[in-house]
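Protein chains get the first letters and strands the later ones, always in sequence-line order, with residue 1 at the start of each.
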Protein chains: 2
Amino acid sequence: MSSKKNNNISSRSMGRVTLSDVAEKAGVSPITASRALKNPQQVSEKLRTKIYDAVNELGYIPNHAARSLASSETKIISVIFPSLSNAVFPDLLDGIHDTLTPAGYRILLANTHYESDQEEILVRTLLEQSPDGIIVTGIDQNERTQKLLLGAKTPVVQIMELTDSPIDMNVGFSHFQASYDLVRHLQNAGYQKIGFIGARMDPRSQRRMEGYKHAMQDNNISNDNYVLTSQSHTSFKLGAKLFNQLFTQHPELEAICFSNDDLAAGAIFECNRRGISVPKDISIAGFNDLPFAEELTPPLTTVSIPLYEMGKKAAEYLLHKIVNRSHPTPRQHDVSYKIIERKSTYSHLT
Amino acid sequence: MSSKKNNNISSRSMGRVTLSDVAEKAGVSPITASRALKNPQQVSEKLRTKIYDAVNELGYIPNHAARSLASSETKIISVIFPSLSNAVFPDLLDGIHDTLTPAGYRILLANTHYESDQEEILVRTLLEQSPDGIIVTGIDQNERTQKLLLGAKTPVVQIMELTDSPIDMNVGFSHFQASYDLVRHLQNAGYQKIGFIGARMDPRSQRRMEGYKHAMQDNNISNDNYVLTSQSHTSFKLGAKLFNQLFTQHPELEAICFSNDDLAAGAIFECNRRGISVPKDISIAGFNDLPFAEELTPPLTTVSIPLYEMGKKAAEYLLHKIVNRSHPTPRQHDVSYKIIERKSTYSHLT
DNA sequence: CTGCCATTTGACAGCGCTATCATTTATGGT
DNA sequence: ACCATAAATGATAGCGCTGTCAAATGGCAG
């Protein structure tokens with residue numbers, strides 16, 4: 001009765017319930033059972049019911065590896081982030097997840113810890129899964145990584161930043177422009193001596209710093225001594241430390257832009273502890289508009305990024321290319337940003 | 001020259017470079033090439049070099065699906081979390097990731113958004129990948145989910161909480177006990193009228209509330225009116241709102257325990273805004289010891305959880321079972337917790 | 001009742017890799 | 001030199017599923 005190999009379960013098969021078992025139980029051929037699951041409308045209702053019953057009775061669970069091998073579709077999207085502890089990435093991931101999961105895709109996640117060698121290794125191992133799409137962070141993949149990605153002929157979205165020559169597709173915003181705009185905004189509000197504090201100095205932090213520098217130059221008040229950076233990992237404590245360092249050295253500073261909200265919040269906490277009044281004694285601005293930004297005392301002026309939307313858009317771009325076999329036009333999407341002015345800066349106006 | 005099918009590339013194969021191509025180029029049989037990649041020490045150095053050269057020259061990337069199908073090993077671990085925006089999970093995930101990635105495993109991530117029907121669906125789809133292991137959050141999987149998990153004969157770790165009857169393995173700590181201890185600690189410090197504020201009220205929040213209630217009962221000063229919960233999603237704003245509600249109604253309260261740091265921080269922010277002195281007018285305690293807890297004004301008394309370690313341990317348990325085909329003894333690991341006393345509570349002592 | 005089309009079902013082969021077992025070649029002790 | 005043992009290589013046969021194409025079935029006009 002049962003298929004020839006069922007009698008002596010081989011060590012390889014592990015006794016798993018297969019589609020053939022289901023088909024046999026339902027009295028149809030395996031291929032019909034397959035269709036009943038993948039394209040139900042192609043199978044008469046009578047057989048379909050029988051097959052579904054058999055599936056439930058046997059507790060059949062499809063084998064994804066076999067399906068992928070046969071159809072060269074994996075329904076897997078690989079996502080490579082530089083970090084998870086940085087709160088922007090969980091938000092981004094949520095957007096990606098909520099778009100892909102309903103479409104039947106699963107997410108394979110990897111974390112480079114901001115090391116670009118890691119990125120190459122991870123891209124390589126993730127490509128072994130032949131994912132149907134890949135999302136990578138930033139636009140600074142090294143050449144070999146780019147070649148790998150290109151060679152895989154898999155849809156790719158570079159996320160977070162904007163580039164004129166995407167590997168494939170691109171969803172993000174200009175960190176340079178955002179930072180530039182923020183500084184110009186402060187300048188228009190009357191600030192002149194503005195400092196910059198950054199940590200980790202990954203490519204995006206770098207570009208924010210460049211935005212700051214250009215804005216200062218364009219206003220003819222650039223001063224390299226007003227810039228302080230650290231290679232250390234971002235934290236509240238580091239924000240406090242760097243703030244103390246820069247502000248002690250340059251008490252003439254009127255405002256400081258931080259490369260992210262965590263550092264800025266650390267500085268505000270420190271000011272509260274030391275009795276330095278923000279924004280009267282010093283104004284402070286952050287970047288990202290994390291949830292705590294508006295809760296600080298004083299609330300933090302910062303740049304808001306539509307992270308969840310960015311994740312959604314990136315996922316949609318992938319799905320578009322998977323379905324239509326060609327990317328949406330344009331292949332680049334600018335999600336933009338918004339300068340959020342709060343009490344940590346606007347004293348000079350009044 | 002080339003293998004029989006190479007001439008007319010079939011529509012299915014998509015012209016991918018296969019192991020046979022590598023073998024042919026290196027002048028060996030496919031199986032030897034396979035070994036050179038998986039168990040290099042089994043192949044003579046001479047052939048190994050040839051094979052590696054061929055791999056590089058052709059840009060060969062192994063097909064994971066084929067490997068899984070043939071070996072019934074997927075090198076995939078599925079992780080199911082209820083949320084990513086809750087900051088505890090990224091930390092946990094980092095610990096998992098950093099343990100599994102060096103061991104050659106990849107992470108398939110899914111997010112239930114705290115919906116238990118979602119959990120069942122996700123478990124089902126993730127099982128289709130035949131993961132080599134699964135990590136699920138909490139111990140309250142519904143019966144069908146448990147059966148699925150059990151039937152899959154895959155190593156499973158339930159994480160975050162402790163249970164006497166794990167599906168397979170269990171790494172976590174007792175939320176009940178942690179909360180109980182925190183309240184007893186406050187009582188020992190002289191507090192009597194202690195309130196509790198909770199949100200989202202997932203199983204872990206529930207158990208923390210139970211811990212609070214039992215500690216109050218054991219001290220014979222239990223009062224149901226001192227408990228306020230909401231089904232809404234946790235946020236700073238909600239913490240502030242619930243705090244206002246409870247404290248207005250019960251100004252006699254001396255301390256309030258919050259089900260997590262976010263709510264507690266929201267309350268502290270609100271107190272700062274309203275000029276309520278913490279801990280003089282009201283003491284506040286949180287849960288989780290997120291990075292911002294010690295930076296608040298005043299710093300927050302809370303319960304510290306070794307999240308990264310918990311993730312690591314869970315991953316190690318999986319690896320142990322995968323390698324040894326039996327779970328570590330004991331199959332349960334208590335990562336414990338630590339009560340962190342900070343300025344938001346200890347005024348009564350002095 | 002025949003013939004034509006659309007719909008439903010099935011047979012076959014193969015996706016790319018590895019477990020298993022058989023075979024060949026090198027190693028070393030007497 | 002011999003044979004016993006170990007190490008290196010290969011042939012075969014699937015893993016579980018689906019693409020492709022062929023066969024069977026049903027419906028209906030003439």
Considering only distance and modelled atom types, tabulate donor-acceptor pairs under 3.5 Å from the side chains of residues 40-48 of chain B, sequence neighbours left out.
{"unit_1": "B/Arg48", "atom_1": "NE", "unit_2": "B/Pro40", "atom_2": "O", "d": "3.3"}
{"unit_1": "B/Arg48", "atom_1": "NE", "unit_2": "B/Val43", "atom_2": "O", "d": "3.2"}
{"unit_1": "B/Arg48", "atom_1": "NH2", "unit_2": "B/Val43", "atom_2": "O", "d": "3.4"}

What pairs of donor and acceptor atoms, side-chain ones from residues 114-123 of chain B against any protein atom, are under 3.5 angstrom apart with sequence neighbours left out?
{"unit_1": "B/Tyr114", "atom_1": "OH", "unit_2": "B/Asn86", "atom_2": "ND2", "d": "3.4"}
{"unit_1": "B/Tyr114", "atom_1": "OH", "unit_2": "B/Arg200", "atom_2": "NH1", "d": "3.3"}
{"unit_1": "B/Glu120", "atom_1": "OE1", "unit_2": "B/Asn142", "atom_2": "ND2", "d": "3.3"}
{"unit_1": "B/Glu120", "atom_1": "OE1", "unit_2": "B/Arg144", "atom_2": "NE", "d": "3.4"}
{"unit_1": "B/Glu120", "atom_1": "OE1", "unit_2": "B/Arg144", "atom_2": "NH2", "d": "3.1"}
{"unit_1": "B/Glu120", "atom_1": "OE2", "unit_2": "B/Arg144", "atom_2": "NE", "d": "3.2"}

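Residue A/Val28 places its side chain closer to C/dG10 than to any other of C/dG10, D/dG14, D/dC17. When distances are taken from the side chain of A/Ser29 to each of C/dC15, C/dA11, C/dC17, the shortest belongs to C/dA11.
Formation of a donor-acceptor pair under 3.5 Å by the A/Gln158 side chain with backbone atoms of A/Ile167 is found in this model. Of the possible donor and acceptor atoms, one in the side chain of A/Asn63 sits under 3.5 Å from a partner among the backbone N and O of A/Ala65. Here the side chain of B/Tyr105 pairs no donor or acceptor atom with the backbone of B/Thr99 at under 3.5 angstrom. Using modelled atom types, no side-chain atom of A/Asn56 and backbone atom of A/Asp53 make a donor-acceptor pair closer than 3.5 Å.
A/His333 NE2 to A/Ile159 CD1: the interatomic distance, rounded to the nearest 0.5 Å, is 11.0 Å. Rounding to the nearest 0.5 angstrom, the gap separating the NZ atom in A/Lys147 from the OG1 atom in A/Thr145 is 11.0 Å. How far OG of A/Ser78 is from CD of A/Glu128: 11.0 Å, rounded to the nearest 0.5 Å.
With sequence neighbours left out, the salt bridge (charged side-chain N to carboxylate O under 4.0 Å, His left out) criterion links B/Asp94 to no other residue. Shown here are the salt bridge (charged side-chain N to carboxylate O under 4.0 Å, His left out) partners of B/Lys321, two or more places apart in sequence or in another chain: B/Asp168. Under the salt bridge (charged side-chain N to carboxylate O under 4.0 Å, His left out) criterion, A/Lys312 pairs with no residue, sequence neighbours left out. In this structure, the ring-ring contact (aromatic ring centres under 6.0 Å, His included) partners of B/Phe81, at least two apart in sequence or on a different chain, are B/Phe89.
Distance CD1 (A/Ile31) to P (D/dG16): 16 Å, rounded to an integer number of Å. Put simply, CG on A/Asn39 is 12 Å from P on C/dT8, counting in whole angstrom units. Here the P atom of nucleotide C/dC15 and the CG atom of A/Leu19 are 20 Å apart, to the nearest Å. D/dC17 atom P lies 16 Å from atom CG of B/Asn63, rounded to whole Å. In this structure, CG of B/Leu69 is placed 12 Å from P of D/dT18, rounded to the nearest angstrom. In this structure, A/Arg67 atom CZ and D/dG16 atom C1' are separated by 11 Å, rounded to whole Å. The interatomic distance linking B/Tyr60 (OH) with C/dG16 (P) rounds to 10 Å, in whole Å. Atom C1' of nucleotide D/dC17 and atom CG of A/Asp21 are separated by 13 Å, given to the nearest angstrom.
Counting only heavy atoms from C-beta outward, the side chains of A/Leu100 and A/Leu319 approach each other to under 4.5 Å.
At the phosphate of C/dT18, OP1 or OP2 sits under 4.0 Å from a side-chain N or O atom of B/Ser34. Under 4.0 angstrom from either OP1 or OP2 of C/dC15 there lies no side-chain N or O belonging to A/Ser72. Between B/Thr18 and C/dG16, a side-chain N or O to OP1/OP2 separation shorter than 4.0 Å is absent.
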Which atoms of nucleotides 4-6 of chain C (N or O only) lie under 3.5 Å from a protein N or O atom, and what are those distances?
none

So which protein nitrogen or oxygen atoms get under 3.5 Å of nucleotides 4-6 of chain D's nitrogens or oxygens?
none

Which atom pairs link the protein and nucleotides 21-25 of chain C when you take only N or O atoms and keep those under 3.5 Å?
none

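A salt bridge (Lys or Arg N to Asp or Glu O under 4.0 Å) check over residues 54-83 of chain A, counting only residues at least two apart or in different chains, returns the pairs A/Lys25-A/Glu57.
Taking a 4.0 Å limit (strictly below) on heavy-atom distances, residues 41-59 of chain A does not reach DNA chain D anywhere.
If you check the side chains of A/Arg16 and B/Ser130, you find a donor sitting under 3.5 Å from an acceptor.
Axis angle between the ends of the helix from C/dC1-D/dG30 to C/dT30-D/dA1, five pairs each and rounded to 10 degrees, works out to 30°.
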- Trace of the side chain to side chain contact (heavy atoms under 4.5 Å, CB included) decision for A/Arg106 with B/Leu126: CA-CA 8 Å; A/Arg106 274 131 268 174; B/Leu126 294 189; 3.9 Å; yes

